[in-house]
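I have placed the structure first, in the form of structure tokens, so that the comments after it can refer back to it.
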There are 2 protein chains.
Amino acid sequence: MLVDADPELFKALGDATRRTILDELTDKDGQTLFEICGRLTMKHGLGSSRQAISQHLAVLEQAGLVRTRREGRYKFHHIDTGPLRSIVERWPPTPGEPNP
Amino acid sequence: MLVDADPELFKALGDATRRTILDELTDKDGQTLFEICGRLTMKHGLGSSRQAISQHLAVLEQAGLVRTRREGRYKFHHIDTGPLRSIVERWPPTPGEPNP
DNA sequence: GTTATACGCAAGCTGTCACTTGCCTGTCAA
DNA sequence: TTGACAGGCAAGTGACAGCTTGCGTATAAC
């Protein structure tokens with residue numbers, strides 16, 4: 001009886017706002033919560049509240065996709081793309097597919 | 001104003017049962033609906049109904065992760081891992097990470 | 001000390017999603 | 001043709017997830 005692996009990872013990637021946050025951290029790594037909020041509103045036009053983004057970041061952190069670093073009253077968020085590799089490793093390329 | 005890419009792909013991967021179906025198709029590709037139902041019950045112990053699995057397969061097909069082939073009254077399901085690569089390509093490896 | 005800033009916690013609301021239920025269509029065998 | 005088998009469609013239900021709201025805490029500026 002096998003079990004499902006990394007449910008939190010896929011749950012984290014399941015939300016569009018969280019994926020946009022990862023896009024934003026890819027563009028500029030190490031942002032604070034307010035910085036992310038501002039850029040999401042400006043560049044992506046989604047008016048999410050601070051608490052909403054904070055909860056999203058918590059989910060991303062629990063999935064291992066985001067690591068945080070405290071510095072005084074600031075909390076910087078860094079992307080970690082490592083867990084993403086477990087996805088392609090779980091379902092290997094289909095035989096017959098091109099493998100560039 | 002950028003938009004989110006491949007929402008259906010991530011939505012499809014967001015459910016544990018659908019991921020188990022992909023595991024099952026990885027183990028044995030080209031199964032029918034009833035075959036998948038049986039194996040999910042036997043090997044994974046989840047008692048999902050036929051309609052539930054059918055709906056899951058529809059979601060997986062819409063995400064491009066499963067391709068179907070009709071043959072008489074049978075419908076065979078084949079996994080397609082191609083879309084998975086867009087995930088790792090979207091968020092490239094963080095500089096400083098080991099790249100085996 | 002006072003105020004502002006950056007963030008955390010927890011309860012409540014709402015919409016979405018997975019699942020069920022019931023019935024229908026198409027295919028093959030007897 | 002009749003029955004069994006493989007699958008499809010659609011409405012209804014319940015639970016979870018995302019979001020809001022309100023208050024609380026810690027750090028830094030004045």
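Per chain, numbering begins at 1; letters A, B, ... match sequence-line order. Just so it is clear, the structure is predicted and the values come from calculations on it, not from any experiment. Hydrogens, waters and symmetry mates play no part in the numbers below; they use all other heavy atoms, side chains included.
- Every residue meeting the side chain to side chain donor-acceptor pair (under 3.5 Å) condition with K28(A), not counting sequence neighbours, appears here in chain and number order: E35(A).
- Atom CD1 of I36(A) is separated from atom NE2 of H77(A) by 5.0 Å, given to the nearest 0.5 angstrom.
- Taking the salt bridge (Lys or Arg N to Asp or Glu O under 4.0 Å) definition, one finds that D4(B) meets it with R19(A), R90(B), sequence neighbours left out.
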N/O donor to acceptor pairs below 3.5 angstrom from side-chain atoms of residues 49-60 of chain B, sequence neighbours left out:
{"residue": "S49(B)", "atom": "OG", "partner": "A52(B)", "partner atom": "N", "Å": "3.3"}
{"residue": "H56(B)", "atom": "ND1", "partner": "R18(B)", "partner atom": "NH1", "Å": "3.1"}

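- Of all the residues in residues 37-45 of chain A, not one reaches under 4.0 Å from DNA chain C with any non-hydrogen atom.
- Listed by chain and residue number, nothing satisfies the side chain to side chain donor-acceptor pair (under 3.5 Å) test with Q62(A) (two or more places apart in sequence, or in another chain).
- Residues passing the side chain to side chain donor-acceptor pair (under 3.5 Å) test with E71(A) are R69(A), sequence neighbours excluded.
- Through chains of ILVMFWY side-chain contacts below 4.5 Å, Y74(B) is grouped with F76(B).
- Going from atom CG of L13(A) over to atom CG of D6(A) covers 10.5 Å, rounded to the nearest 0.5 Å.
- Within the 4.0 Å cut-off from OP1 or OP2 of dG8(D), at least one side-chain nitrogen or oxygen of S54(B) is found.
- By the 4.5 Å heavy-atom criterion applied to side chains, T81(B) and L22(B) are not counted as neighbours.
- A distance-only check finds a donor-acceptor pair linking the side chain of Q31(B) to the backbone of E24(B) [under 3.5 Å].
- The stretch residues 18-36 of chain B touches DNA chain C through R18(B), each having a heavy atom under 4.0 angstrom from the strand.
- Using a 4.5 Å heavy-atom threshold, the side chains of W91(B) and D80(A) count as separate.
- Two end axes, each from the C1' atoms of five base pairs, can be drawn for the helix from dG1(C)-dC30(D) to dT27(C)-dA4(D); they diverge by 30°, to 10 degrees.
- Near DNA chain D, meaning a heavy atom under 4.0 Å away, there are no residues from residues 59-67 of chain A.
- A distance of 4.5 Å separates OG1 in T68(A) from NZ in K75(A), rounded to the nearest 0.5 Å.
- Side-chain contact check for S48(B) versus L40(B): every heavy-atom pair is 4.5 Å or farther apart.
- E89(B) places no side-chain N or O within donor-acceptor distance of the main-chain N or O of L84(B), the cut-off being under 3.5 Å.
- With sequence neighbours excluded, the residues satisfying side chain to side chain donor-acceptor pair (under 3.5 Å) with D27(A) are R39(A), K43(A).
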- Contact state string [nucleotides 19-30 of chain C, B base, S sugar-phosphate only, - no protein heavy atom under 4.0 Å]: BBBB----BS--
